[in-house]
Amino acid sequence: MLKQYLARAAQYLPVTGRRAGSLARKQRLLAEKQHREVMAGHEALRSQLVRLEEELLPHGKGARGGVRQTLDELASAVDEVGRSSRSAGRTALESVWAAVYRDTTDRSDWLTDQTVSPGRWAVGYPFLYVLYRVLDEARPTSILELGLGQSTKVTAQYAAHATAVDHTVVEHDPEWISTFAANFAVPSTTRIRSLDLTTVELDDGNTALRYDGFAQAVGEATYDLIVIDGPFGGGAERARIDVLDLIPQSLAERFIIILDDYNRPGEKRTATAIVKALDAAGIAHKTTKYSGEKDLWVATSPDLKFFTSL
Ligand SMILES: C[S@@+](CC[C@H](N)C(=O)[O-])C[C@H]1O[C@@H](n2cnc3c(N)ncnc32)[C@H](O)[C@@H]1O
């Protein structure tokens with residue numbers, strides 16, 4: 001079983017380096033399928049180890065210590081292979097998304113400066129891809145973006161090219177604003193609001209990092225696209241909760257919300273809270289998750305549900 005599993009994983013890993021072309025969507029589905037199969041193999045192997053432990057331990061009184069040690073070592077080896085496989089799976093998906101993004105934006109009539117550096121602090125390729133499709137096809141007219149950076153390069157070019165589009169970016173770090181602006185000519189159609197960060201105590205006993213004066217600064221307008229990638233969430237129990245101030249009154253009837261780092265618990269809780277707030281306000285919606293190196297979460301009004309199946 002272990003041999004079969006490792007052979008399957010080894011077959012899967014090379015997907016990472018493959019250059020994806022115009023069949024990128026097919027490759028992404030294949031990468032996802034292979035990833036699921038490897039993870040299923042990993043789970044099966046784990047259960048088999050647990051069963052083996054239950055069967056062996058009662059019999060081997062004298063050899064108990066040795067059997068336990070061998071099983072523990074095997075279990076940790078299986079877990080390590082699982083971790084590497086998960087990580088390789090994400091890298092494979094990210095590289096396929098990169099190709100999909102490039103194919104999609106090639107010869108774009110509004111994304112003329114395609115210099116972008118996704119990943120690490122910034123959004124990844126799946127985020128950029130979803131953002132581009134949303135801008136290009138849903139044509140939002142009032143955009144709020146939380147966290148200035150690589151995603152802004154895409155959103156700002158759309159706002160500059162389209163007519164009558166409001167684009168506001170909230171950013172906490174004045175130094176980052178000048179560094180960013182020194183390398184990317186922020187169009188006059190993009191307004192950057194500099195808001196300090198503040199830590200607030202929540203009813204559940206947790207704290208959260210928030211933009212100070214958020215609702216007063218941006219809560220008056222109505223938005224049909226909200227892009228959330230700030231403030232940095234970094235493994236907090238609750239993260240990026242500012243958007244909750246805007247639901248429902250600042251959400252347009254036709255809307256899309258995109259939240260990055262949905263693989264982290266703090267952002268996941270925020271997505272759940274968004275759904276709860278939408279439900280409480282009787283606002284119908286569709287949601288989905290896209291995965292690359294990290295996950296992003298998307299919520300849309302029902303008429304824009306197409307953007308949950310890109
Ligand atoms: C998760 S980042 C993402 C910002 C943006 N959406 C992007 O795609 O780059 C959130 C915050 O990190 C800070 N930041 C962005 N790029 C950074 C970098 N290269 N190094 C350090 N901090 C950065 C900014 O203050 C930003 O608001």
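In each ligand, atom 1 is the first atom listed, and ligand 1 is the first ligand listed.
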Please verify the inter-ring angle class for Tyr129 with Trp97; under 30° counts as parallel, over 60° as perpendicular, anything in between as tilted. tilted
Which class fits the ring pair Phe214 and Tyr211: parallel under 30°, tilted 30 to 60°, perpendicular over 60°? parallel
Distance filter under 4.0 Å to [X] heavy atoms, resulting ligand 1 atoms:
X      : result
Val123 : 7 (C), 8 (O)
Ala122 : 7 (C), 8 (O), 9 (O)
Gly147 : 4 (C), 5 (C), 6 (N), 27 (O)
Asp229 : 1 (C), 2 (S), 3 (C), 4 (C), 5 (C), 6 (N), 7 (C), 8 (O), 10 (C)

Check each heavy atom of His172 against ligand 1 and say whether those closer than 4.0 Å belong to the side chain, the backbone, both or neither. side chain
What do we get for Leu148 next to ligand 1 when only non-hydrogen atoms under 4.0 Å count, side chain, backbone, both or neither? backbone
Of all the non-hydrogen atoms in the protein, which one sits nearest to [atom], and at what distance?
atom                    : result
atom 25 (O) of ligand 1 : Glu171 OE2, 2.6 Å
atom 11 (C) of ligand 1 : Phe232 CD2, 4.1 Å
atom 7 (C) of ligand 1  : Gln150 N, 3.1 Å
atom 22 (N) of ligand 1 : Trp121 CE3, 3.3 Å
atom 16 (N) of ligand 1 : Trp176 CZ2, 3.1 Å

[X] side chain vs [Y] backbone, donor-acceptor pair below 3.5 Å:
X      : Y      : value
Gln216 : Asp212 : no
Thr190 : Val186 : no
Thr308 : Thr287 : no

Under 3.5 Å, is there a donor-acceptor pair between the [X] and [Y] side chains?
X      : Y      : result
Trp297 : Asp261 : no
Thr168 : Glu145 : no
Thr155 : His167 : no

Hey, is ligand 1 close enough to Asp261 that some N/O pair sits below 3.5 Å? no
Would you check whether Glu145 has a nitrogen or oxygen atom less than 3.5 angstrom from a nitrogen or oxygen atom of ligand 1? no
Determine, for Tyr262 and Lys289, whether the Lys NZ or Arg CZ falls below 6.0 Å from the six-membered ring centre while staying within 45 degrees of the axis. no
